[in-house]
Engineer: 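Encoded as structure tokens, here's the structure I'll be asking about.
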Amino acid sequence: MNLILFSDEDFIGGRSAVLRDRRARYVIEVHRARPGDVLRAGKINGRLGQARIITVDPEQIRLEVDLTEDPPEPLPVTLLLALPRPKVLSRVLRTITVMGVKRIILFDCWRVEKSFWSSPRLDADRIREALVEGLEQARDTILPEVELRRRFRPFVEDELPALVNQKLAVVSHPGEADVPWSPSSEDIVAAVGPEGGFIPNEITMLEQLGFRRLSLGPRILHVEAAVPALLARLGDR
Ligand code: SAM
């Protein structure tokens, strides 16, 4: 945890805040914090700064919080991610958050197992947990938005044209890249497929909307590896 991330409910008045949960345990057990120590802090969807420890009790910590800095610049990428298997989902969401993406759309397609959609890992609380862990790791405060699209065709036909409008759009797909990738300062819409890959018809539909294929090399990467590899490349401007 590289940042103690506060939410409105942690504040007890003015700049005073109290922590009682895993953050308090982390500060006590890992930081071995004492009164007077200063930690990096931030507020969800707010600013960054410092928190000075006032008191440490076995069940809670009281801190004085001073937030004066802006969070880091987001990565201007909207990520369309075929819903991965539940075990992978939380890890991938954390990684995407660490890399600075602020809009994530989890979508269905042919090779997404339908049972994945009933996983408890898609509950809003579980998703938020993964996003918050990503923010704590990256020292960021702005929570990404996560949206779910349970039907591929209506998503692609009715929604994607407006989303892609005037933006650079890429679909990460093993094989020869359609167009060689060069760094760009444009906003980007990027799609990553499911474990079994996109079927040809899905790639065609995306290409008809202007998506260009982007290859990450000759190796077939797990989704967990493909996502950061893709975002690192798109972030290289
Ligand atoms: N057998 C599948 C195929 O050939 O498409 C492999 C799918 S891979 C496990 C899951 C997703 O990660 C792919 O749909 C793609 O979006 C991305 N991916 C994996 N390796 C890639 C590569 N070398 N280049 C571009 N994208 C890749």
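Index from 1, following the sequence. As the structure lists them, so they are numbered: ligands from 1, and atoms in each ligand from 1.
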Engineer: Which heavy atom of P71 sits nearest a heavy atom of D140, and at what distance?
Structural biologist: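 Distance-wise, the nearest heavy atoms are CB-OD1, 3.5 Å.
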
Engineer: Write out the protein residues near ligand 1, meaning a non-hydrogen atom under 4.0 Å from one of its atoms, in order of chain and number.
Structural biologist: S172, H173, P174, V192, G193, P194, E195, G196, G197, L214, S215, L216, G217, R219, I220, L221, V223, A226

Engineer: Please step through side chain to side chain contact (heavy atoms under 4.5 Å, CB included) for the pair L131 and I96, ending with a clear verdict.
Structural biologist: CA-CA 8 Å; L131 304 180; I96 296 167; over 6 Å; no

Engineer: Could you walk me through whether R233 and L214 pass the side chain to side chain contact (heavy atoms under 4.5 Å, CB included) test, one step at a time?
Structural biologist: CA-CA 10 Å; R233 188 167 308 183; L214 176 68; 4.2 Å; yes

Engineer: Look at the aromatic rings of Y26 and H31 and report parallel, tilted or perpendicular, splitting at 30° and 60°.
Structural biologist: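 The rings of Y26 and H31 stand perpendicular, inter-plane angle above 60°.
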
Engineer: Taking salt bridge (charged side-chain N to carboxylate O under 4.0 Å, His left out) as the cut-off, I'd like each qualifying pair that reaches into residues 115-133, sequence neighbours left out, listed once.
Structural biologist: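 Only R94-E133 qualify under salt bridge (charged side-chain N to carboxylate O under 4.0 Å, His left out).
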
Engineer: I would like to know whether E136 and R22 meet salt bridge (Lys or Arg N to Asp or Glu O under 4.0 Å); could you show each step before the answer?
Structural biologist: CA-CA 13 Å; E136 290 169 347; R22 70 179 176 92; 2.6 Å; yes

